[in-house]
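This is a predicted model, so every value here is computed, not measured. Naming convention: chains lettered A, B, ... in sequence-line order (proteins, then strands); numbering from 1 in each chain.
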Number of protein chains: 4
Amino acid sequence: MPRAVREQQMLDAAVRTFARCGYRSASMDEIAELAGVSKPLVYLYLNSKEELFTACIRREAAALVAAVRAAVEPDAAADRQLWSGLHGFFAHTAAHPDGWALLHVQARTQGEPFAREVAAMRAEMVELVTRQIAAAAQEAGCALGMAGQEVPGLAQALVGAAESLAEWAGAEGGPSAKETAATLMNFAWAGLGNLTQGQAWSP
Amino acid sequence: MPRAVREQQMLDAAVRTFARCGYRSASMDEIAELAGVSKPLVYLYLNSKEELFTACIRREAAALVAAVRAAVEPDAAADRQLWSGLHGFFAHTAAHPDGWALLHVQARTQGEPFAREVAAMRAEMVELVTRQIAAAAQEAGCALGMAGQEVPGLAQALVGAAESLAEWAGAEGGPSAKETAATLMNFAWAGLGNLTQGQAWSP
Amino acid sequence: MPRAVREQQMLDAAVRTFARCGYRSASMDEIAELAGVSKPLVYLYLNSKEELFTACIRREAAALVAAVRAAVEPDAAADRQLWSGLHGFFAHTAAHPDGWALLHVQARTQGEPFAREVAAMRAEMVELVTRQIAAAAQEAGCALGMAGQEVPGLAQALVGAAESLAEWAGAEGGPSAKETAATLMNFAWAGLGNLTQGQAWSP
Amino acid sequence: MPRAVREQQMLDAAVRTFARCGYRSASMDEIAELAGVSKPLVYLYLNSKEELFTACIRREAAALVAAVRAAVEPDAAADRQLWSGLHGFFAHTAAHPDGWALLHVQARTQGEPFAREVAAMRAEMVELVTRQIAAAAQEAGCALGMAGQEVPGLAQALVGAAESLAEWAGAEGGPSAKETAATLMNFAWAGLGNLTQGQAWSP
DNA sequence: GATGAATGAGAATTCATTCAT
DNA sequence: GATGAATGAATTCTCATTCAT
């Protein structure tokens, strides 16, 4: 069996195991067995537990970013762009719950070599959102009426809310990606103030 | 030295150690040394690493919930109540970073026995927020114009955004609890739609 | 059982195992079993394979040097002093063949941290011999007629010959310490030139 | 490339690797890479690590013995023969430090199958020296005044001193082969007794 | 003749946990 | 109530060795 294929099998097994047990608790024995290979082969291809974990993080992060970028409709209105991006995000995390848990729950916990990888991906997301908020303000003919300095905080809040909802929606029998994206747009775009007065946002 | 005091010392040491090293990496030796007692005594009082970790989670979760409940101004307007609760939340997490890290970062990564404890606390928070949103809608004389079924999702989003901001604000030189609460209220209450048109929320 | 006693048992087992198998081939399992304790206890007391090996080297080196110093008759004539020192040396190495093998055969092979320990002991020996050669020259009323610069080489040669003979005499049924010392004195003091003409050295 | 050539390349690589890392620490991977061939080929030609090591020892031992035999001037006087043999010995060990380290430092530490190989070579050397000492005695017209039984011990001492000096002279900036041989002849032939009275040996 | 792919066996080290005192 | 002494069970990682091609 060619090396590239085996390597993907190993990464699949590792993502799953790391996502469920955490970095420390996952054992290389477990991963090798789940991948259907012997432990030395895992070491031959991926060198160490640390490198294996890093490889998992990179693969999953790249896949998630690609999914979101592909989902955004570049020529639509600002709110519509945000919505499509969120939809892509929730669709991907729902389809790859282990990958998402790896990134969101496990990798950020394990300190420096790993947290940095996730932080880089998150920064990409935050920047994407920031640009969309700025575009929305411009579209509204308004030079960011609110203090521009708050935008980072808002983007953090939106990304944080999305991450949190992804985890929640990922549970058994949770809402669909489309529903989750709509809920978050209601929350984030219309605001609770409007919502409680009966004014919702809709795509 | 009375047993109860010794026990709290041990929990203090354990919270700090678990928060910084994670459940697996923290060693009972480390904890016992930091607490200034011998390892067998830790076992005598707290039985096992698992029970010790659980005790830490429960203590910190109870403290956080209590802080939030105490902060809410029960007779104020709906948005004001939400704001005061958030303020209490951010103030507590900033004041007890190890406790917050234990709950938010470490406990959730260790799988079943522990994640459940945190989930229970989170559910309490979500329910508290849900009641406040419902109260706000009622105040506005409106039977929740949006599908009432969305409220749980909104509460999840708000709690998730708060958790995310707590981590972000907890960094060195981050914003104060009051500033963080204001940012989140802007985001959550006024909504990005209004904000981008220059209309902010203020307490 | 008190710690100090256990520690000596472990060192005994380690000296024997390292001497017979070499540093790399000796396994901590073997040593622990031979010492009659569990492996973690060996680590608790001696920290690592490296530190254990170092402790063995130090103990055996100190014992050997002490034996030689104790054997030298300080007020005798120069040749007699040399002879008594050699006798002490051969007696000790014959009585502790594992310790000698550890120092002479194994420790010097294993590169820096260890070779240095043995080199230090050897330097002590060489210096002792050098002083005795110088004393002999003075006694003979001769300011080291031979090029003084050759003394280090001569001392090296004598110590090297002694080390080599120790190994040879250590074999099953080899000569006694006294015989070996006499042989070496004949060789070193009288010289082959005289010996082959029938003139031997005797104590 | 013919098999014999490849085999020598492998042995070259193996001698170098074994000499520098020791038998256990040297890995077949390293050796194969240094030899520029794949690992299975090493196994095809040399069967196992053990056989490979043995082959190295035999090759280097044979080369050393041949060098010494070639250096001896068969028709010269007894002391001159000894001197020329020692010169050959020191010249060869200086020219082939890896080979010498393999024989003197590494092979002897690895216990039975290997130490025996070196011992056989050493026995050959000792026998050669023994014959030369006997010849010297005969030349001097003297039936070995000293107990003939001491000759083996003397030969051991001479060979041991030579080995020891070879290591010492092998260091960076050490004496030349000629100088080393002279030092040893002074020591061994004239004896410390004469030397300390100003009477040296010279070729 | 030569190699990419694969593994069984064993190495050092760590840690939660328990007694006898 | 408190502890020094001790260990069973993992864990990460390495390496000599073998086939199918």
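- With the end axes of the helix from E/dA2-F/dT21 to E/dT21-F/dA2 each set by five pairs, the angle from one to the other reads 30° at 10° resolution.
- B/Ile31 has its side chain out of reach of B/Met10: every pair of non-hydrogen atoms, C-beta onward, lies at least 4.5 Å apart.
- The side-chain heavy atoms of D/Tyr43 and D/Met28, taken from C-beta on, include a pair separated by under 4.5 Å.
- Between the CD1 atom of D/Ile31 and the C1' atom of F/dT17 there is a distance of 14 Å, rounded to whole Å.
- Between A/Arg108 and B/Glu167 a salt bridge is recorded (basic side-chain N to carboxylate O distance below 4.0 Å).
- Atom CD in C/Glu30 sits about 8 Å away from atom P in E/dA11, given to the nearest Å.
- With a 4.5 Å cut-off on side-chain heavy atoms, B/Thr109 and A/Gln106 count as touching.
- Side chains of B/Arg16 and B/Asp98 form a contact here, defined as non-hydrogen atoms less than 4.5 Å apart.
- Heavy-atom distances to DNA chain F give each of A/Glu50 and D/Ser27 a nearest nucleotide, and the one nearer the 5′ end belongs to A/Glu50.
- Rounded to a whole Å, the CE atom of A/Met28 is 14 Å from the P atom of E/dT7.
- Within the 4.5 Å cutoff, no side-chain heavy atoms of D/Tyr45 are placed close to those of D/Glu51.
- Between the CG atom of A/Asn47 and the C1' atom of F/dC15 there is a distance of 16 Å, given to the nearest Å.
- Within the 4.5 Å cutoff, no side-chain heavy atoms of C/His104 are placed close to those of C/Thr93.
- We find that CG of B/Leu52 is positioned 15 Å from C1' of E/dC15, with the value rounded to whole Å.
- The interatomic distance linking B/Asp29 (CG) with E/dA16 (C1') rounds to 9 Å, in whole Å.
- At the heavy-atom level, B/Ala26 lies under 4.0 Å from the strands shown only through sugar-phosphate atoms.
- For the pair C/Leu46 CG and E/dT13 P, the computed distance is 12 Å after rounding to whole Å.
- Looking at C/Lys49 and C/Phe18, their side chains come closer than 4.5 Å, going by heavy atoms from C-beta outward.
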Can I get a per-line list of side-chain donor-acceptor pairs under 3.5 Å for residues 52-60 of chain C, giving both atom names and the distance, sequence neighbours left out?
unit_1	atom_1	unit_2	atom_2	d
C/Thr54	OG1	C/Glu50	O	2.9
C/Arg58	NE	C/Glu117	OE1	3.0
C/Arg58	NE	C/Glu117	OE2	3.3
C/Arg58	NH2	C/Glu117	OE2	2.7
C/Arg59	NH1	C/Gln8	OE1	2.5
C/Arg59	NH1	C/Asp12	OD1	3.1
C/Arg59	NH2	C/Asp12	OD1	2.8

What string of B, S and - do you get for nucleotides 4-9 of chain F, 5' to 3', if B is base contact, S is sugar-phosphate-only contact and - is no contact with any protein heavy atom under 4.0 Å? BSSBB-
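- In this structure, NZ of D/Lys49 is placed 11 Å from C1' of F/dT14, rounded to the nearest angstrom.
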